[in-house]
Amino acid sequence: TGLIVEKDAAGTWRWIGWSTNKFMDWDGEIMAESAHKEYMEWLDENPDMSPAFMSWHTPDTVRKSAVDFWTYENGFVIMSGPLTEEEAAGLLSVQKEIDLGMSHGTLVLSRDPQNKTVITKYRMYEVSDLPLENAANPFTSLETVTKEAGMDKKKYFEQLFGKDKA
């Protein structure tokens, strides 16, 4: 899975996930290692600009707390944030049936002039949980996956939030 939900040492529910990396995605784009390192430094200086955490890029599903932890390790951007009891219960319930992955909404600020498929500067405005099989990047999990397509969003939201809230 690309998303872990568990309690921290203080007993607070948290999600931990790897939202992106330095490897080519299914669209043929690469976010350069230098771009990730620059973004981590920028977040350190601007923590109030950290991305929102939502489900499948859907604004109505934004969680109560934004990302409050970020790091870049061995080619991967790892992020984390607190969850309410209800948010954790929803994700844990979905994880019983669906392997969760991650995706992100990002503003591309610059690309390599010699190779336009390489992103050299960006800003994330959201990170999303979604079925792993729908993640655009094959390495937001330990498995190789297919692009964001396939599973019905409504069905996923029903499993995550319940039929009445979907």
Side-chain angles (χ1 to χ4, degrees), residues 1-27 29-92 94-95 98-112 118-132 134-142 145 148 153 156-157 160-161 165:
T1 184
L3 183 72
I4 299 165
V5 177
E6 59 186 33
K7 285 191 176 185
D8 64 15
T12 302
W13 283 106
R14 295 191 68 82
W15 66 272
I16 303 121
W18 37 102
S19 56
T20 191
N21 54 59
K22 67 176 186 176
F23 307 105
M24 186 178 293
D25 67 18
W26 294 117
D27 293 328
E29 293 184 318
I30 298 170
M31 296 175 101
E33 183 167 56
S34 60
H36 293 310
K37 289 179 177 179
E38 186 278 334
Y39 181 56
M40 297 296 104
E41 290 174 15
W42 184 83
L43 278 177
D44 287 343
E45 295 169 9
N46 301 279
D48 58 324
M49 299 297 290
S50 68
F53 178 43
M54 63 181 69
S55 288
W56 212 333
H57 310 295
T58 305
D60 290 346
T61 67
V62 172
R63 308 282 184 339
K64 181 179 177 185
S65 298
V67 172
D68 69 357
F69 172 85
W70 45 84
T71 190
Y72 180 74
E73 297 291 331
N74 300 317
F76 291 86
V77 172
I78 301 165
M79 295 186 157
S80 180
L83 295 166
T84 66
E85 288 283 334
E86 184 178 1
E87 292 167 345
L91 285 167
L92 288 168
V94 168
Q95 277 188 324
I98 299 169
D99 199 11
L100 292 178
M102 294 204 74
S103 187
H104 57 90
T106 299
L107 299 172
V108 174
L109 303 179
S110 65
R111 293 179 182 269
D112 182 330
V118 178
I119 296 167
T120 56
K121 188 172 184 178
Y122 68 90
R123 296 294 180 261
M124 280 186 197
Y125 53 89
E126 62 93 359
V127 292
S128 286
D129 63 272
L130 72 171
L132 178 59
N134 299 103
N137 191 296
F139 303 109
T140 57
S141 176
L142 299 175
V145 294
E148 290 183 28
K153 253 190 203 187
Y156 177 71
F157 288 149
L160 185 60
F161 302 112
K165 293 183 181 179

(message) Is it the case that the side chain of Ser50 and the backbone of Val67 share a donor-acceptor pair, with hydrogens and angles ignored and the cut-off at 3.5 Å?
(response) yes
(request) Provide the closest heavy-atom pair for Met124 versus Thr20 in the form atom of the first, atom of the second, distance. (result) CE-CG2, 3.4 Å
(message) Looking at His36 and Asn21, would you say the former's side chain and the latter's main chain have a donor-acceptor pair under 3.5 Å?
(response) yes
(request) Locate the shortest heavy-atom distance separating Trp70 from Asp44; write the atom from each residue and the value. (result) NE1-OD1, 2.8 Å
(message) Below 30° counts as parallel, above 60° as perpendicular, anything between as tilted: where do the rings of Trp15 and Phe53 land?
(response) parallel
(request) Specify the closest pair of heavy atoms between Asp112 and Thr120, including all atoms of both residues, with the distance to one decimal. (result) N-CG2, 3.6 Å
(message) Looking at every heavy atom in both Pro51 and Ala66, which two are closest together, and how far apart are they?
(response) O-CB, 3.4 Å
(message) Please give me the minimum heavy-atom distance between Asp68 and Gly81, naming the atom from each residue.
(response) OD1-CA, 3.5 Å
(request) Take Trp18 and Val127, measure what side-chain contact (heavy atoms from CB on, under 4.5 Å) needs, and give me the verdict at the end. (result) CA-CA 10 Å; Trp18 37 102; Val127 292; over 6 Å; no
(message) More than 12 heavy atoms of other residues, nucleotides or ligands under 6.0 Å from CG of Asn74: yes or no?
(response) no
(message) Between Arg63 and Ser55, does the side-chain contact (heavy atoms from CB on, under 4.5 Å) criterion hold? Intermediate values first, please.
(response) CA-CA 8 Å; Arg63 308 282 184 339; Ser55 288; 3.1 Å; yes
(request) Measure the spacing between CG of Leu92 and CD of Glu87 and express it to the nearest 0.5 Å. (result) 11.5 Å
(message) What's the separation between atom CD in Glu73 and atom CE in Met40, rounded to the nearest 0.5 Å?
(response) 10.5 Å
(request) Check step by step if side-chain contact (heavy atoms from CB on, under 4.5 Å) holds for Met31 and Val77. (result) CA-CA 11 Å; Met31 296 175 101; Val77 172; over 6 Å; no
(message) Donor-acceptor check, side chain of Thr61 to backbone of Met54, threshold 3.5 angstrom: yes or no?
(response) no
(message) For Arg14 and Phe69: C-alpha separation, side-chain torsions, deciding distance, then whether side-chain contact (heavy atoms from CB on, under 4.5 Å) applies.
(response) CA-CA 10 Å; Arg14 295 191 68 82; Phe69 172 85; 4.1 Å; yes
(request) Keeping the roles fixed (side chain from Glu126, backbone from Gly105), state whether a donor-acceptor pair exists under 3.5 Å. (result) yes
(message) How long is the straight-line distance from CG of Leu109 back to CD1 of Ile119, given to the nearest 0.5 Å?
(response) 10.0 Å
(message) Rounded at 0.5 Å granularity, tell me how far OG in Ser19 sits from CZ in Phe76.
(response) 11.0 Å
(request) Return the minimal non-hydrogen interatomic distance between Met102 and Gly2, and the atom names on each side. (result) CG-O, 3.5 Å
(message) So does His104 get a backbone contact from the side chain of Ser128, meaning a donor-acceptor N/O pair under 3.5 Å?
(response) no
(request) Check whether any side-chain N or O of Thr58 sits under 3.5 Å from a backbone N or O of Trp56 as a donor-acceptor pair, and report yes or no. (result) yes
(message) Working to the nearest 0.5 angstrom, can you tell me the gap between Asp99 CG and Leu3 CG?
(response) 10.0 Å
(message) Can a donor-acceptor pair be found, under 3.5 Å and without considering hydrogens, that links the side chain of Asp27 to the backbone of Glu29?
(response) no
(request) Report the C-alpha separation of Glu38 and Arg123 in whole Å, then their side-chain angles, then the decisive distance to 0.1 Å, and conclude whether the salt bridge (Lys or Arg N to Asp or Glu O under 4.0 Å) test is met. (result) CA-CA 10 Å; Glu38 186 278 334; Arg123 296 294 180 261; 2.8 Å; yes
(request) Look up atom CD1 in Ile98 and atom CG in Leu130, then write down how far apart they are to the nearest 0.5 Å. (result) 10.0 Å
